[in-house]
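Report on the structure given below.
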Amino acid sequence: MAAPKKGRSASAQSKPGRSLALILIAIVALTGGMFASGHTTPRLGIDLAGGTSITLKAKADQGSAVNKANMDTAVEIMNRRVNGLGVSEAEVQTQGTDNIIVNIPRGTNSKEAQQQVGTTAKLYFRPVLASEPSGAAPSPSPSGSPSAGSSPKPGSSSSPSASSSQKASSSSSTSPTSSATTQGRAVTDALKAGSSPSPSATPTGGPSPKPTPSASGGTDTAKLQAAYTALDCSNQDDRAKAGNNAKPGDPTIACGKVGKGYYKYLLGPAGVDGTEVKKAQAIFDTQGASGWQVQMTFNSTGAKKFADITGELAKNQAPQNEFGIVLDGEVVSSPYVRLAITGGQAEISGSFTQQEAQSLANMLSYGALPLSFQEQSVTTVTAALGGQQLHAGLLAGAIGLALVVLYLVVYYRGLSLVAMASLVVSAILTYVIMSLLGPAIHFALNLPAVCGAIVAIGITADSFIVYFERIRDEIREGRSLRPAVERAWPRARRTVLVSDFVSFLAAAVLFIVTVGKVQGFAFTLGLTTVLDVVVVFLFTKPLMTLLARRKFFGNGHKWSGLDPKSLGGKPPLRRTRRPAGPAAGPVDPKEA
């Protein structure tokens with residue numbers, strides 16, 4: 001029984017270099033990633049670096065009243081849009097009865113955030129009754145037969161999905177066309193006003209016949225016909241007013257950008273509502289040429305409606321076989337349908353960048369705002385006071401660290417070198433990871449987060465002290481340093497894990513139940529607690545194993561902090577041959 005145990009102990013003592021090499025490789029890789037990303041410093045919160053403050057005023061023009069319930073719902077949706085995990089340090093709060101203040105820290109894309117917080121993101125799928133170029137007609141392109149449509153994704157083993165790539169058409173077609181690049185930029189234009197796309201192909205289209213709308217829900221056909229005829233989508237005011245206050249169950253008119261020009265659309269009643277989108281996510285199509293796209297999954301009701309409307313549209317001729325994807329009153333895509341699409345999935349595809357696809361998916365996932373908002377003011381927030389507070393916080397952290405180091409030197413002497421080296425490794429990992437989390441999840445370092453990092457110094461030092469005291473206990477029992485290091489580790493490891501688990505659990509609960517800046521404190525505390533476990537296991541313990549082989553520590557020099565005489569150790573334990581038989585008496589477990 002003893003031999004295998006000795007073998008495991010010898011093996012553990014002979015390979016500490018592997019753990020040290022592993023953590024060294026991790027530090028080098030993370031540091032290289034930090035410099036490669038160009039973000040060599042943590043992103044600071046609005047209280048430390050300033051930022052942008054946006055004031056929005058609620059308007060009751062969507063059939064919803066401006067009341068506390070709707071304002072609270074709007075704040076929650078806006079906060080999820082701009083704050084994500086809750087660590088970007090963006091603040092969304094009400095002011096008075098009808099105003100919302102959004103504070104965005106410097107380093108965040110303020111224009112994108114500004115676009116997201118006030119956008120209602122109302123999505124409808126409407127059948128296209130008629131469409132034609134509006135204003136300056138786009139230049140024609142020699143396109144051939146139709147090449148794209150809402151057919152099931154080829155090669156997919158799951159349920160088919162609808163592609164929202166714009167259609168190409170022949171010279172006799174009366175509907176607008178565009179390439180996938182145009183489609184992706186059109187969706188982006190719906191989110192970012194004023195952008196000028198550069199499509200790889202321009203739409204074609206001959207003269208379109210006059211629309212023949214079928215009135216429903218009390219809509220006056222002649223009035224809608226006149227509005228469609230008079231609509232000029234190249235005029236910004238006309239585009240803004242097109243389809244205003246249109247009910248989902250009534251036909252309407254709308255504009256859509258195709259290439260460098262605009263098309264006007266006559267659309268039927270909404271077949272599917274955006275609220276029936278169960279999930280939206282940005283994905284990268286690795287099997288095709290679509291690149292980044294937004295994949296939507298409908299709920300059971302929406303899936304049935306989508307299958308029904310695509311089944312009906314597939315029976316019609318162009319352009320009545322198309323459906324318009326209408327986002328906030330603008331047609332962002334009008335794909336045609338070849339067959340009914342079941343399975344409850346659809347895609348908006350095109351030449352998206354990753355940021356554009358994620359932005360659209362973000363808005364569709366978090367839902368529409370219950371109220372519309374008008375931007376009142378956009379101001380820049382300075383960080384003069386925050387800089388002073390950061391200086392005071394860093395000074396407090398430096399004083400605390402100096403006191404910890406002083407205590408370690410006085411009490412542990414040579415062992416303090418191990419503790420300080422471990423603190424340095426922990427600080428490097430914390431700094432690099434915080435710098436990488438800035439662009440990755442928009443983590444912002446605010447004052448509470450700085451406090452969490454300062455508290456982590458004590459948590460990390462506590463783990464070293466637990467291990468050092470266990471080693472000293474073994475030396476007091478009469479063991480030499482090398483076996484003492486290995487015997488002390490299992491007990492110290494259990495204590496460190498339990499202590500760090502409690503700290504991490506507290507940080508997790510605090511992160512979940514709180515909002516705002518307190519989440520920054522909880523996130524930093526949880527991160528540093530996890531790093532403490534990594535450093536103790538992969539750096540502190542292997543380093544102690546190596547130092548135990550050095551004469552300075554192994555022989556118990558009086559300045560090593562492991563002098564048996566100073567610790568009051570017993571005489572060294574020695575193995576002695578015990579007589580066999582009943583006269584041998586009981587065996588001392590320590591001796592065994």
Side-chain angles (χ1 to χ4, degrees), residues 11-44 85 87 397 401 404-405 408 415-445 449-450 452-468 485-486 489-490 492-501 503-505 507-508 511 520 522-549:
S11 176
Q13 293 183 40
S14 62
K15 300 177 181 179
R18 292 185 179 181
S19 299
L20 294 175
L22 180 62
I23 196 169
L24 179 61
I25 293 172
I27 292 175
V28 171
L30 290 172
T31 305
M34 179 184 70
F35 282 102
S37 66
H39 297 83
T40 56
T41 57
R43 195 168 67 94
L44 300 180
L85 293 175
V87 295
L401 181 61
V404 170
V405 171
L408 293 173
L415 285 178
S416 63
L417 297 176
V418 179
M420 286 186 285
S422 301
L423 285 173
V424 170
V425 171
S426 180
I428 294 174
L429 287 174
T430 302
Y431 181 87
V432 172
I433 291 177
M434 283 184 176
S435 300
L436 292 174
L437 289 179
I441 62 172
H442 306 294
F443 170 78
L445 187 66
V450 173
I454 294 174
V455 171
I457 296 175
I459 296 177
T460 305
D462 181 64
S463 300
F464 308 152
I465 291 172
V466 168
Y467 186 31
F468 294 162
V485 167
E486 300 305 322
W489 173 241
R493 177 180 59 197
R494 188 182 307 113
T495 305
V496 169
L497 287 176
V498 171
S499 176
D500 283 344
F501 175 76
S503 297
F504 183 82
L505 184 63
F511 180 85
F523 183 85
T524 306
L525 183 61
L527 174 65
T528 51
T529 301
V530 172
L531 292 179
D532 175 52
V533 175
V534 174
V535 171
V536 170
F537 274 71
L538 297 182
F539 185 80
T540 307
K541 197 273 176 182
L543 184 60
M544 279 302 305
T545 300
L546 290 177
L547 292 179
R549 303 172 183 175

Task: pair Thr545-Glu486: side-chain heavy atoms closer than 4.5 Å - done: yes
TODO: List the atom of Leu543, the atom of Ala421, and the distance in Å for their closest heavy-atom pair.
DONE: CD2-CB, 4.5 Å
Open item on the list: With side chain to side chain contact (heavy atoms under 4.5 Å, CB included) as the test, pick out the partner of Leu423 among Thr460, Val418, Val535.
Closed with: Thr460
Open item on the list: Applying side chain to side chain donor-acceptor pair (under 3.5 Å), can you list everything that pairs with Thr540, at least two apart in sequence or on another chain?
Closed with: Ser422
Open item on the list: Just verifying a value: how many Å separate Phe504 CZ and Ser499 OG, rounded to the nearest 0.5 Å?
Closed with: 14.0 Å
- [ ] Show your working on side-chain contact (heavy atoms from CB on, under 4.5 Å) between Val536 and Asp500 and close with a plain yes or no.
- [x] CA-CA 11 Å; Val536 170; Asp500 283 344; 5.8 Å; no
Hey, can you pull the donor-acceptor pairs under 3.5 Å for the side chains in residues 17-38, sequence neighbours left out?
residue, atom, partner, partner atom, Å
Thr31, OG1, Ile27, O, 2.7
Ser37, OG, Gly33, O, 3.3
Ser37, OG, Met34, O, 2.8
Ser37, OG, His39, N, 3.4

Task: For the student: nearest non-hydrogen atoms of Tyr467 and Lys541, plus distance - done: OH-CG, 3.6 Å
Open item on the list: Using the rule given for side-chain contact (heavy atoms from CB on, under 4.5 Å), can you reason through Leu415 versus Phe464, listing the C-alpha separation, both sets of side-chain angles and the distance that settles it, and then say yes or no?
Closed with: CA-CA 10 Å; Leu415 285 178; Phe464 308 152; over 6 Å; no
- [ ] Determine the minimum heavy-atom distance between Gly526 and Ala507, stating which atoms define it.
- [x] N-CB, 3.7 Å
- [ ] Take Leu497 and Phe537 through the test side-chain contact (heavy atoms from CB on, under 4.5 Å) and record every step on the way to the result.
- [x] CA-CA 10 Å; Leu497 287 176; Phe537 274 71; 3.9 Å; yes
TODO: Classify the ring geometry between Phe511 and Phe523 as parallel (under 30°), tilted (30 to 60°) or perpendicular (over 60°).
DONE: tilted
I'd like a table of donor-acceptor pairs (distance under 3.5 Å, sequence neighbours excluded) in which one partner is a side-chain atom from residues 425-433, with atom names and distances.
residue, atom, partner, partner atom, Å
Thr430, OG1, Ser426, O, 2.8
Tyr431, OH, Thr40, O, 2.8

Open item on the list: Do Thr524 and Phe443 have side chains that approach each other closer than 4.5 Å (heavy atoms only, starting at C-beta)?
Closed with: yes
TODO: With side-chain contact (heavy atoms from CB on, under 4.5 Å) as the test, would you mind laying out the steps for Leu525 and Ile459 before giving the verdict?
DONE: CA-CA 9 Å; Leu525 183 61; Ile459 296 177; 3.6 Å; yes
